[in-house]
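Shown next, in structure tokens, is the structure this report addresses.
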Amino acid sequence: MVIPARTEDVREALCRFFQAMGADLPTPEMRFNVELVLAEVLNNIVEHGYRDQEGEIELVVTPAMDGLLFNVVDRGHPMPNETLPAGLLPRQGAVEDLPEGGFGWFLIRELSQDLEYRREAGRNLLSFRIMDKQPVQL
Amino acid sequence: MKFQSSRADGICIIKVDEHRIDAAGAIDFKEGVRTQLDGWEGRVVLDLSLVEFIDSSGLGAVVAVRKMLGAERNLELCNLSPPVEKVFRLTRMDRVFVIHPNRPEPLRDAV
């Protein structure tokens, strides 16, 4: 699907996606992981990649081993240093210093697998998998 | 962004009358709660029973409300649905708020 790079369109696309996908998401946990990771990935592109320009985001979802494979393409700015952010949880301090952002990449990394990014011919290519069941954390 | 709020016994309870607090609604949420709390000095409880989805921008907006109250007052949350509770837990922000499973007495029956 092709999504205009605006937060309202991301919300609408997520709602349409879940109406279409309903039966293919076997558990509420899978649905939660997919919805949150997609929201974070797409809104990140809207707010950073396309921060000063209009644009579109292409989203392709394919069934993959034990889950779903997501490919996301945009023509916005590259990631800083053409590298994915580390996604560390922001530090908690005094009330006035509490973080109001910086959770996005942490959540994406926490809930997805095989996250890969590359910049190619003016496009950002991001792919990741979300599994039916979270792998057991050792 | 719609809210239903009531004030009794020193507690202002604000029920968020929406299914999502997301990137598209985060600013409206922050401004809406600010309006609801205008001039209020007592305890503040956010009832999130209708909210089925929150993303990192929505979480940031709830943190902004927490900061709005200053160091003297905490922000209390109640009735978190499982997906909302999970976002607070994963990001460790459940430590920053007072989280009640249900509405604190004596507001159990209000709104």
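Letters go in sequence order (proteins before strands), and every chain restarts at 1.
Proximity to chain B (any heavy atom under 4.5 Å) is restricted, for A/Leu107, to the side chain, taken from C-beta onward. With a threshold of 4.5 angstrom between heavy atoms, A/Gln92 approaches chain B through side-chain atoms but not through N, CA, C or O. Contacts of A/Leu36 with chain B are made by both backbone and side-chain atoms, with heavy-atom separations under 4.5 Å.
Stacking of A/Arg129 on the aromatic ring of A/Phe70 is not recorded, the 6.0 Å distance cut-off and the 45° axial limit not both being met.
Annotation: maximal heavy-atom pairing with chain A below 4.5 Å, among B/Asn74, B/Val62, B/Leu69, B/Leu59, occurs at B/Leu59.
Of all heavy-atom pairs spanning B/Phe3 and B/Gln36, the tightest one is CB-NE2, 3.7 Å. For the pair B/Arg103 and B/Lys15, the tightest heavy-atom approach, listed with the atom from each and the gap, is NH2-CD, 3.8 Å. Listed here is the closest heavy atom pair of B/Arg73 and B/Trp40: NH1-O, 3.2 Å.
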